[in-house]
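Here's the structure, in structure tokens; my notes come after.
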Amino acid sequence: MQHKVKLTVIDKKLYPELQETYCADPNAGMCPCYNVGDEFIFERYGTADDFWHMGLNTLKQTAHLAEGIAGGAEFPHCSEAWDAISRYIYAGLQGGSIMRGWMNDERVMIACCSDGTRPVIFKIERMDYKALYVDGINCDKCKDRIKSILEQVDGVSEVIFREDYVEVYLQSDVDDMTLKNCIEGCGSYSVSQIL
């Protein structure tokens with residue numbers, strides 16, 4: 001099984017009384033690096049290793065795309081946020097529990113940066129998937145057929161076709177043979193490898 005991590009900005013807070021009392025700029029305002037709704041996807045598969053590049057090019061969705069990546073092209077995450085969230089991202093990319101016993105789903109953590117006057121609150125989610133290498137996919141009809149059959153399997157939440165393989169996202173573990181049999185049973189396809 002493979003893993004990605006989705007990082008979503010779910011809130012931003014501001015404590016103006018603390019900024020007025022303690023900050024060099026008493027009117028610094030909200031964090032300028034992130035927007036509520038920003039979504040980042042971290043991968044570690046094949047040649048992708050987003051963790052070791054501090055999330056460079058991981059921004060997938062924002063209401064303010066014209067403003068660029070969160071902290072800028074060279075620093076996609078500010079140091080205060082990265083210090084607070086990186087351990088959870090790393091654990092998720094390794095397939096580990098992000099926060100067992102604290103959250104109602106061990107694949108999820110709610111965390112915030114350490115800026116005490118304007119914290120940003122993140123939802124960090126481990127996304128589990130299997131990469132299926134399928135031979136015989138020749139057209140969009142093939143993809144539709146495979147997607148339809150896989151989405152009927154308990155535990156499968158989403159199916160995405162990549163150039164060389166099919167990503168099958170899972171809410172719970174699904175046996176490799178179940179996935180293989182579903183695909184091979186719906187047409188003249190063969191599954192050469194499941195990772």
Checking Glu80 against Ser114 for the side chain to side chain donor-acceptor pair (under 3.5 Å) test, could you report, in this order, the C-alpha distance in whole Å, the side-chain angles of both residues, the deciding distance, and whether it holds?
CA-CA 6 Å; Glu80 296 298 317; Ser114 57; 2.4 Å; yes
Got more than 12 heavy atoms from elsewhere within 6.0 Å of CG, Asn104?
no
Atom pair OG1 (Thr58) and CG (Leu7), whose distance is rounded to the nearest 0.5 Å:
7.5 Å
Is the distance between the ring centroids of Phe40 and His77 under 6.0 Å?
yes
Transitive ILVMFWY side-chain link Met127 to Leu195, under 4.5 Å
yes
The test is side chain to side chain contact (heavy atoms under 4.5 Å, CB included); show your working for Val108 and Met99 and say whether it passes.
CA-CA 7 Å; Val108 175; Met99 194 47 68; over 6 Å; no
Give the intermediate values and the outcome of side chain to side chain contact (heavy atoms under 4.5 Å, CB included) for residues Leu132 and Ile183.
CA-CA 10 Å; Leu132 283 67; Ile183 291 174; 3.3 Å; yes
Parallel, tilted or perpendicular for Tyr34 and Phe122, by the 30°/60° rule?
perpendicular
Return the minimal non-hydrogen interatomic distance between Val191 and Lys180, and the atom names on each side.
O-NZ, 3.2 Å
Any donor-acceptor pair under 3.5 Å from Thr21 side chain to Glu17 backbone:
yes
If two hydrophobic side chains count as joined below 4.5 Å and joins carry through other members, does Val153 share a cluster with Ile137?
yes
How far apart are the closest heavy atoms of Cys113 and Pro119, and which atoms are they?
SG-CA, 3.6 Å
Quick check on the hydrophobic clustering: are Val134 and Met1 connected, directly or via other members, by side-chain heavy-atom contacts under 4.5 Å?
yes
Atom CG of Asp144 with >12 non-hydrogen neighbours under 6.0 angstrom
yes
Please tell me if the side chains of Val156 and Leu179 come closer than 4.5 Å, counting only heavy atoms from C-beta onward.
yes
For Lys60, does the NZ atom sit with more than 12 other heavy atoms under 6.0 Å from it, leaving out its own atoms?
yes
Return the CZ to SG distance between Phe161 and Cys142, rounded to the nearest 0.5 Å.
9.0 Å
Compare every heavy atom of Leu170 with every heavy atom of Ser157, then report the nearest pair and how far apart it is.
OG-N, 3.9 Å
Ring centres of Phe51 and Tyr90 under 6.0 Å apart?
yes
Does the side chain of Ile160 reach to within under 4.5 Å of the side chain of Arg162, using non-hydrogen atoms?
yes
Are the side chain of Asp50 and the backbone of Glu43 linked by a donor-acceptor contact shorter than 3.5 Å?
yes
Which heavy-atom pair separates Gly155 from Ser172 by the least distance, and what is that distance?
CA-OG, 3.5 Å
Under 4.5 Å between side-chain heavy atoms, hopping through other hydrophobics if needed: is there a path connecting Met103 to Ile89?
yes
How long is the gap from CG on Asp176 to CG on Asn181, to the nearest 0.5 Å?
10.5 Å
Test Tyr88 against Arg126 for side chain to side chain donor-acceptor pair (under 3.5 Å), laying out the working first.
CA-CA 9 Å; Tyr88 303 116; Arg126 187 185 84 211; over 6 Å; no
Step-by-step side chain to side chain contact (heavy atoms under 4.5 Å, CB included) determination, Lys143 to Val159:
CA-CA 10 Å; Lys143 292 178 182 179; Val159 177; over 6 Å; no
For this output row, return yes or no: ring centroids of Tyr165 and Tyr45 closer than 6.0 angstrom.
yes
Nearest-0.5 Å distance, CD1 of residue Ile85 to SG of residue Cys112
11.0 Å
Examine Tyr129 and Ile194 and state if one hydrophobic cluster contains both, with Ile, Leu, Val, Met, Phe, Trp and Tyr joined whenever side-chain heavy atoms are less than 4.5 Å apart.
no
Non-hydrogen side-chain atoms of Lys12 and Ile121 separated by less than 4.5 Å
no
Considering all heavy atoms of both residues, which atom of Ile149 and which atom of Ile146 are nearest to each other, and what is their separation?
CG2-O, 3.2 Å
Result of checking Lys130, Lys4, Lys147 against Glu167 for salt bridge (Lys or Arg N to Asp or Glu O under 4.0 Å):
Lys4
Could you walk me through whether Thr117 and Asp115 pass the side chain to side chain donor-acceptor pair (under 3.5 Å) test, one step at a time?
CA-CA 6 Å; Thr117 69; Asp115 186 327; 3.0 Å; yes
Output the distance between atom CZ (Arg100) and atom CZ (Arg107), rounded to the nearest 0.5 Å.
12.5 Å
For the backbone of Asp83 and the side chain of Arg87, can you confirm whether one donor and one acceptor N or O come within less than 3.5 Å of each other?
yes
Between Tyr189 and Asp135, is any pair of side-chain heavy atoms under 4.5 Å apart?
no
Could you tell me whether the side chain of Val5 reaches within less than 4.5 Å of the side chain of Ile124, counting heavy atoms only?
yes
Counting only heavy atoms not in Tyr22 (residues, nucleotides, ligands), do more than 12 fall under 6.0 Å from its OH?
no
Where is the tightest heavy-atom contact between Cys78 and Cys33, given as atom of each residue plus distance?
CB-SG, 4.2 Å
With the side chain counted from C-beta on, respond yes when Pro16 and Leu14 share a heavy-atom pair under 4.5 Å apart, and no when they do not.
yes
Within the structure provided, determine whether Arg118 and Gln19 are in side-chain contact (heavy-atom separation under 4.5 Å).
yes
Check the pair Arg44 / Gln94 against side chain to side chain contact (heavy atoms under 4.5 Å, CB included), numbers first and verdict last.
CA-CA 9 Å; Arg44 275 189 112 182; Gln94 300 301 318; 2.2 Å; yes
Between CZ of Phe42 and CG of Leu93, what distance do you get to the nearest 0.5 Å?
8.0 Å
Does the side chain of Val120 come within less than 4.5 Å of Asp11's, by heavy atoms?
no
